[in-house]
Every structure is written in structure tokens, then in C-alpha cells.
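Notes to accompany the following structure.
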Amino acid sequence: MMYPRLVLLQKLLAEDGAIFISIDDNEQANLKLVMDEIFGASNFVDNIIWQKIFAPKNTAKYFSANHDFIIVFAKNKENWIRNPLKRTEEQNARYNNPDNDHRGVWTSGDLSARNSYSLGIYPITTPSGRVIDGPPKGTFWRVAKEKFNSLDQDGRIWWGKEKNNVPRLKRFLTEIQEGIVPQTIWLNTEVGNTQDAKKEFNKILHDNELKFDTPKPSTLIERVLEIASDKDSMVLDGFAGSGTTAHAVLNLNKQDGGNRKFILIEMEDYAETITAERVKRVMNGYADKEGTGGSFDFYTLGQSLFDEQGELNEDVPIEKIRSYIWYSETKTAYTPAQTPAVNGKAAYLGIAGQTAYYFYWNPGKATCLNIQWLRNLKTDAEQHVIYADNCTLNKTQLAKYNITFKKIPRDITKL
């Protein structure tokens with residue numbers, strides 16, 4: 001796993017965003033330490049167990065490993081709010097209305113608990129006249145006698161059809177929170193398994209000569225997105241693999257009319273033949289599946305900005321470097337047409353806010369920020385950020401002209 005890409009995701013995540021990383025048992029401890037360092041240990045949310053295999057491996061020497069971990073971190077845990085999961089038909093089926101209560105369907109819960117409660121010991125008389133001396137041995141009623149009587153008067157106590165059972169508390173579907181709290185064990189029957197993932201992959205790319213050994217089921221990633229995204233989220237996947245994340249995003253958009261977008265990063269040579277091809281077929285439709293619609297752009301990495309010695313790569317076009325510097329400073333796109341060289345110097349990048357930016361660099365020749373060069377500046381900006389190889393101005397002179405000097409390549413931001 002390429003841990004540097006975690007740093008990129010940490011920089012790109014929104015302030016209240018979250019990251020879910022799926023790993024196997026061998027990677028868990030190491031990656032947890034890395035993520036603690038990048039995101040901060042206080043932003044660790046939880047560790048989810050995914051049942052990736054449902055059948056035991058009889059050839060296993062010690063144990064048949066049938067799970068992976070999904071480690072959850074937030075960019076800012078205090079601000080991150082996870083979504084509840086939708087209630088399933090099976091869960092809703094547990095609610096009914098045998099007494100035709102006007103508040104709708106309900107289910108019942110135990111009124112006794114093991115936690116000691118000083119007011120939780122008292123006898124109860126059922127509507128049929130049977131006296132229940134108290135809760136089961138070793139337990140306590142959850143509420144005091146007065147509260148119990150109030151609940152009973154409000155029709156929130158269920159005594160059974162014969163009005164003779166130990167009382168239970170009625171919980172109405174209309175009064176509980178919308179959706180359910182996600183749990184930390186995800187069964188394969190809920191989110192799919194590796195066998196499901198391979199079947200799904202083969203169904204989409206059945207005519208592709210290239211194979212992918214470790215795809216994830218799209219239903220697994222849909223569960224992640226249900227919890228961590230909204231309809232307009234930007235979803236980042238720094239380890240795109242077979243393109244399952246894009247598949248899940250497109251599926252959810254089709255289901256709920258959302259406008260989620262995705263950014264996939266894949267460094268292997270199958271990025272176009274497998275990853276992008278899968279996304280394309282999901283959009284257009286495959287086998288018996290109707291297409292989700294949508295579109296995407298495919299980009300390949302250019303030359304590295306820095307060479308092996310850490311110096312700026314002179315083979316990279318100068319406008320690409322200028323564009324990078326501008327974006328690293330302003331977080332806005334660089335358009336040469338919008339930044340004319342008003343002072344007649346090629347180093348000028350433009351003004352953002354009240355700051356003018358300069359990138360003074362000549363391949364194969366050292367540049368120096370000095371008084372002579374400074375005399376040519378004619379911008380009206382309040383502040384100046386100037387990149388150069390060297391600087392002969394002292395701190396007093398830099399402060400006098402409101403200049404922040406940044407040394408090339410040392411001070412160039414590296415994502």
C-alpha cells in the first residue's frame with residue numbers, strides 16, 4: 001500500500017470529511033500507526049470488521065481468516081457527523097400493531113435491567129389481576145413506580161394479548177430516530193464478500209483479457225458512502241484498483257438522484273484497461289444491468305516536478321511549474337492570459353487578494369533576489385511572495401518592501 005497517498009487525501013479532505021481504509025490483518029497495526037501520525041490519534045473513529053469470506057478454508061494451518069478491517073479516521077472528529085443507515089424491510093417487519101394503537105406500529109422492549117436502581121424494586125399488578133412481586137431476580141425495573149404508572153396510562157405498556165404477561169415497553173417506529181446506528185461488524189450477507197466481488201467484476205469485464213484478483217464488492221463501498229457522504233459529496237479513492245468506488249458512487253446517484261463526484265487514483269498500468277474501462281461500462285450498462293449514466297475524465301501523470309536529487313526537473317515545461325506554484329499558493333487555477341507581465345518580467349505570476357506572486361527561475365542558471373532585480377518591480381500589491389534560488393536581501397530590507405522570500409526548491413510545497 002502506498003502510504004504517501006494518505007498524505008494527499010489528508011490534504012484534500014474537507015474539514016469534516018472522513019476516510020475509510022480497507023486493509024487485511026497483516027497491515028492493520030502498521031497502517032494504524034501511520035494514520036495516527038497523519039490524521040492524529042484523536043481523530044481515530046473506529047475499526048470495522050468486514051466478513052469478506054463466508055466459507056472456511058480447510059487448508060489453513062491455524063485459523064481460517066474470513067475478515068478484513070476497515071479503519072475509520074476523520075479529518076476533524078469533533079465536527080464529523082456520520083449518517084444513519086436506512087432501515088431494511090426485515091428490520092421494519094419487526095414492528096407491528098396487534099392492539100391497533102393509533103400511534104402506529106411498534107415493538108416491545110424489556111422493562112428490566114441489571115443496573116442497580118434504588119427505585120426499581122416494586123410489585124406490579126397486571127390488568128388480569130395477577131401480582132408480579134418484582135423484576136426477575138438480580139434485575140431492576142428500568143423506571144420508578146410513578147413513571148411506570150404514567151407509561152401504562154398512556155398505553156405504552158404491553159401486557160400480552162391476555163393482559164397477564166410481565167410488562168414490556170412499547171417503542172413506536174414513528175418515535176425512534178430515522179435510520180439505524182451503524183455497527184462495527186459488517187456481515188457478507190449485508191455488504192457482500194470477495195466471491196460476490198469477483199462475480200460482479202467478471203460480469204462487467206467478461207471479455208477483458210486482464211484479470212483482477214482482489215476486487216471489492218460495490219455494495220461494501222455503498223455502505224461506506226451511505227455513512228460518510230451526502231448527495232453532493234466529492235469521493236476520493238487513492239487506491240482505485242478495479243474502480244469499485246466509482247461504481248458505488250454511480251449506483252447511489254442513480255438510486256437517490258444525487259450528484260456525488262469521484263476522484264480515483266491508480267498508479268498501476270491497468271488504470272485505463274481495467275479501472276477506467278469498468279467505470280465506462282457501468283455508466284453505459286453491462287450484461288443485464290441498465291447503465292447509471294454519467295461521465296468522467298481520464299488523466300495520466302506527467303513528468304515528476306522534482307528530480308531524484310530533489311531539484312526542479314528541467315524537463316517539465318515552465319508553464320506547468322508556474323501553474324503548480326500559483327495553485328500551491330492561492331488554491332486557484334492558473335491562467336497565463338489573466339496574469340499579464342505588467343512589470344515586464346517573466347517571473348511575475350499574478351495577484352491574489354493583496355499579494356503579488358513571482359517565480360524567478362531559469363533552468364541551468366541560478367537566480368538571485370537582490371536590490372538590482374527588486375528595482376524592476378512595479379506592482380501595487382501590499383505584499384510580495386518571491387521564489388528564487390538565492391536572496392541577498394537582509395531581513396530589514398525584506399520587511400521594508402513587504403517581501404516573503406521562498407527558496408527554490410526548498411520552499412516549494414510538495415503534495
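By the 4.0 Å N-to-carboxylate-O rule, E190 lies close enough to R223 to be salt-bridged with it. Comment: D207 engages R281 in a salt bridge, judged by a side-chain N to carboxylate O separation of less than 4.0 angstrom. Ion pairing of E200 with K203 is absent here, as no side-chain N (NZ or NE/NH1/NH2) approaches a carboxylate O to less than 4.0 Å. Ion pairing between a basic and an acidic side chain is recognised when a charged N comes within 4.0 Å of a carboxylate O; E175 and R103 show no such pairing. Look at D99 and K161 and you find no salt bridge, because none of the NZ, NE, NH1 or NH2 atoms lies under 4.0 Å from a carboxylate O.
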For a side chain to side chain donor-acceptor pair (under 3.5 Å) check, start with the C-alpha distance between N83 and E226, then their side-chain angles and the critical distance, and finish with the verdict. CA-CA 7 Å; N83 300 323; E226 271 191 81; over 6 Å; no
For F73 and I38, run side-chain contact (heavy atoms from CB on, under 4.5 Å): C-alpha distance rounded to whole Å, both residues' side-chain angles, the deciding distance at 0.1 Å, then the answer. CA-CA 10 Å; F73 272 77; I38 295 173; over 6 Å; no
Y358 and H384: side-chain contact (heavy atoms from CB on, under 4.5 Å), yes or no, with the steps? CA-CA 8 Å; Y358 296 83; H384 300 81; 3.9 Å; yes
Taking it one step at a time, do E290 and K254 satisfy side-chain contact (heavy atoms from CB on, under 4.5 Å)? CA-CA 10 Å; E290 180 183 346; K254 185 176 180 181; 3.5 Å; yes
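Centroid-to-centroid, the aromatic rings of Y327 and Y334 stay 6.0 Å apart or farther. Taking the six-membered ring for Trp, W141 and Y117 have ring centres at least 6.0 Å apart.
Put simply, CG on L111 and CD1 on I124 are 7.0 Å apart, with the number rounded to the nearest 0.5 Å.
Taking the ring centre of W158 as origin, the terminal cationic atom of K170 falls outside the region bounded by 6.0 Å and 45° from the ring axis. Cation-pi geometry between K407 and Y387 is not satisfied (NZ or CZ under 6.0 Å from the ring centre, within 45° of the ring normal). Note that K32 lies in the cation-pi zone of F44, set by a 6.0 Å cut-off to the ring centre and a 45° limit from the axis.
For D110 and S112, the side-chain atoms include at least one donor-acceptor pair closer than 3.5 Å. Side-chain contact of T139 with R114: a donor-acceptor pair under 3.5 Å is absent, judged by distance alone. Side-chain contact, W50 with N188: no donor N or O sits under 3.5 Å from an acceptor N or O.
With sequence neighbours excluded, the residues that form a side chain to side chain contact (heavy atoms under 4.5 Å, CB included) with K280 are E277, N284, F296.
Counting only distance, with no hydrogens or angles, the side chain of K231 and the backbone of D256 share a donor-acceptor pair below 3.5 Å.
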